[in-house]
Amino acid sequence: MFTAINRRSLGQLPCLAQRFHSTLVIAEHNNNQLTPITLKAITAASKVGGEVTRLVAGTNCAKVADQIRKVQGVKKILVAQHDCYKGLLPVLYYAQQNLLPRVSAKLDVATLSDITEVKSQDTFVRTIYAGNALATVKCNEEVKVFTVRGTSFEPAAVERGSAATEQVASPSPAGMSEWLEQSLTKSDRPELTSAKVVVSGGRGLKSGENFKLLYDLADKMGAAVGASRAAVDAGYVPNDTQVGQTGKIVAPELYIAVGISGAIQHLAGMKDSKIIVAINKDPEAPIFQVADYGLVEDLFKISPSVNDAVIRHIND
Ligand SMILES: Cc1cc2nc3c(=O)[nH]c(=O)nc-3n(C[C@H](O)[C@H](O)[C@H](O)COP(=O)(O)OP(=O)(O)OC[C@H]3O[C@@H](n4cnc5c(N)ncnc54)[C@H](O)[C@@H]3O)c2cc1C
């Protein structure tokens with residue numbers, strides 16, 4: 001997401017608004033559906049002040065533009081539809097971690113990553129030291145390029161919006177890379193970063209098979225399943241379940257950490273959860289320092305009782 005765009009400096013990106021004190025938000029979507037985090041980025045953009053414009057680029061993204069039209073606070077939607085966005089390659093458009101450094105380089109400005117608060121048009125708060133300290137930074141660049149930590153902002157309301165839509169030209173393919181195919185993990189469980197309840201497991205689970213305990217619990221609660229890096233590195237669960245500094249950042253209503261010690265790198269990804277429950281047999285485990293409720297127990301003994309308690313709660 002970046003505030004105020006200078007068209008001359010932006011080279012091959014589509015023709016974009018050049019007003020000062022306006023914010024251009026890059027929409028994340030899959031051509032069908034807007035990702036929930038995009039609504040949070042709109043809230044952050046509104047706090048910066050000025051007009052908020054959305055760029056929706058994709059192969060067939062009219063549906064997404066329609067969804068955004070209803071979002072409060074968006075003045076205009078720029079729609080760029082072209083086959084060159086197939087696979088949403090960063091060279092042309094996508095993936096904020098890949099795209100924004102490219103935009104910053106083109107504009108010769110710095111990127112501010114992962115802001116958690118907007119103090120004013122040029123002053124932002126971001127986390128440092130794996131989320132253990134907050135830095136308030138003033139950005140003197142004329143064009144400010146920044147990414148937003150989704151868990152720190154409420155989603156913009158999808159009602160009463162009336163944004164105008166404008167079709168914009170697309171760049172010619174750069175020819176540097178070509179999208180061939182993608183394999184996405186299919187799951188009936190909610191997506192980790194937007195789930196209201198997350199059940200996460202760590203090395204304490206001891207094997208991938210034992211994660212079944214968590215999958216059963218998650219399915220009863222309609223929860224997503226996460227993991228510590230140690231569990232991922234041990235091959236118990238796939239990489240995309242990792243929560244933490246180098247994984248996903250989550251802030252659900254309820255986070256249940258099972259057999260996770262609570263290293264700072266893990267806490268960096270979940271400590272903003274509303275309620276944290278920890279199950280660990282070691283009373284000294286650091287996870288208990290952030291937990292609202294802690295069970296000092298062997299997880300293999302306690303899991304059946306937790307499961308029963310959840311079923312009773314659901315049936316009541
Ligand atoms: C640069 C860097 C980035 C990192 N990024 C991440 C990240 O994004 N996410 C992340 O998670 N980690 C990350 N790490 C790794 C992190 O430092 C820890 O090593 C990791 O989080 C530990 O995972 P764990 O808690 O599952 O394992 P452990 O530290 O081994 O803890 C296992 C816990 O399970 C408990 N336990 C064992 N058996 C049982 C039982 N039967 N019943 C109940 N409890 C039991 C133990 O008491 C222990 O507390 C990063 C590290 C570095 C250096």
Side-chain angles (χ1 to χ4, degrees), residues 37 95-98 113-114 116 126-135 147-152 185 189 191-195 197-218 221 223-252 254-273 275-310:
I37 203 162
Q96 56 168 279
Q97 272 145 13
N98 290 332
S113 62
D114 219 14
T116 55
R126 61 188 298 272
T127 57
I128 52 174
Y129 301 121
N132 284 290
L134 297 174
T147 66
V148 169
R149 178 175 289 201
T151 52
S152 301
T185 313
R189 296 191 186 93
E191 206 275 316
L192 193 52
T193 53
S194 54
V197 181
V198 173
V199 182
S200 273
R203 189 153 34 201
L205 266 294
K206 299 204 168 33
S207 74
E209 290 73 50
N210 289 336
F211 260 76
K212 186 174 179 314
L213 292 170
L214 302 196
Y215 291 131
D216 288 349
L217 181 61
M221 301 178 82
V225 172
S228 70
R229 177 158 149 184
V232 167
D233 287 350
Y236 300 168
V237 279
N239 283 351
D240 61 0
T241 55
Q242 184 179 319
V243 171
Q245 184 191 344
T246 44
K248 291 181 176 162
I249 311 275
V250 301
L254 174 62
Y255 187 89
I256 305 178
V258 185
I260 292 180
S261 59
I264 52 166
Q265 295 90 352
H266 187 80
L267 301 188
M270 46 62 75
K271 70 175 164 28
D272 290 335
S273 305
I275 296 177
I276 298 172
V277 176
I279 302 175
N280 197 305
K281 66 178 182 186
D282 174 7
E284 302 298 324
I287 191 76
F288 289 126
Q289 287 165 20
V290 296
D292 299 283
Y293 301 94
L295 275 171
V296 182
E297 267 291 0
D298 184 320
L299 71 92
F300 297 105
K301 284 191 195 141
I302 197 78
S303 286
S305 325
V306 173
N307 256 306
D308 290 349
V310 169

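Ligands are counted one by one from 1 in listed order, and the atoms in each one are counted from 1 as well.
- For ligand 1, the protein residues placed under 4.0 Å by at least one non-hydrogen atom are G202, R203, G204, K206, S228, R229, A230, Q242, V243, G244, Q245, T246, G247, G259, I260, S261, A263, Q265, H266, N280, K281, D282, E297, D298, L299, F300.
- A donor-acceptor pair is defined here as one N or O able to donate and one able to accept, closer than 3.5 Å; no such pair exists between the side chain of N280 and the backbone of E297.
- Side-chain atoms of S303 come within 3.5 Å of backbone atoms of L299 as a donor-acceptor pair (strictly under, hydrogens ignored).
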**Criterion side chain to side chain donor-acceptor pair (under 3.5 Å) on S207 and N210, from CA distance to verdict** = CA-CA 5 Å; S207 74; N210 289 336; 3.2 Å; yes
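- A donor-acceptor pair is defined here as one N or O able to donate and one able to accept, closer than 3.5 Å; no such pair exists between the side chain of Y255 and the backbone of V199.
- Nearest heavy atoms, A231 versus F211: CB-CZ, 4.0 Å.
- Taking R229 as the reference, D233 meet the salt bridge (charged side-chain N to carboxylate O under 4.0 Å, His left out) condition, with sequence neighbours excluded.
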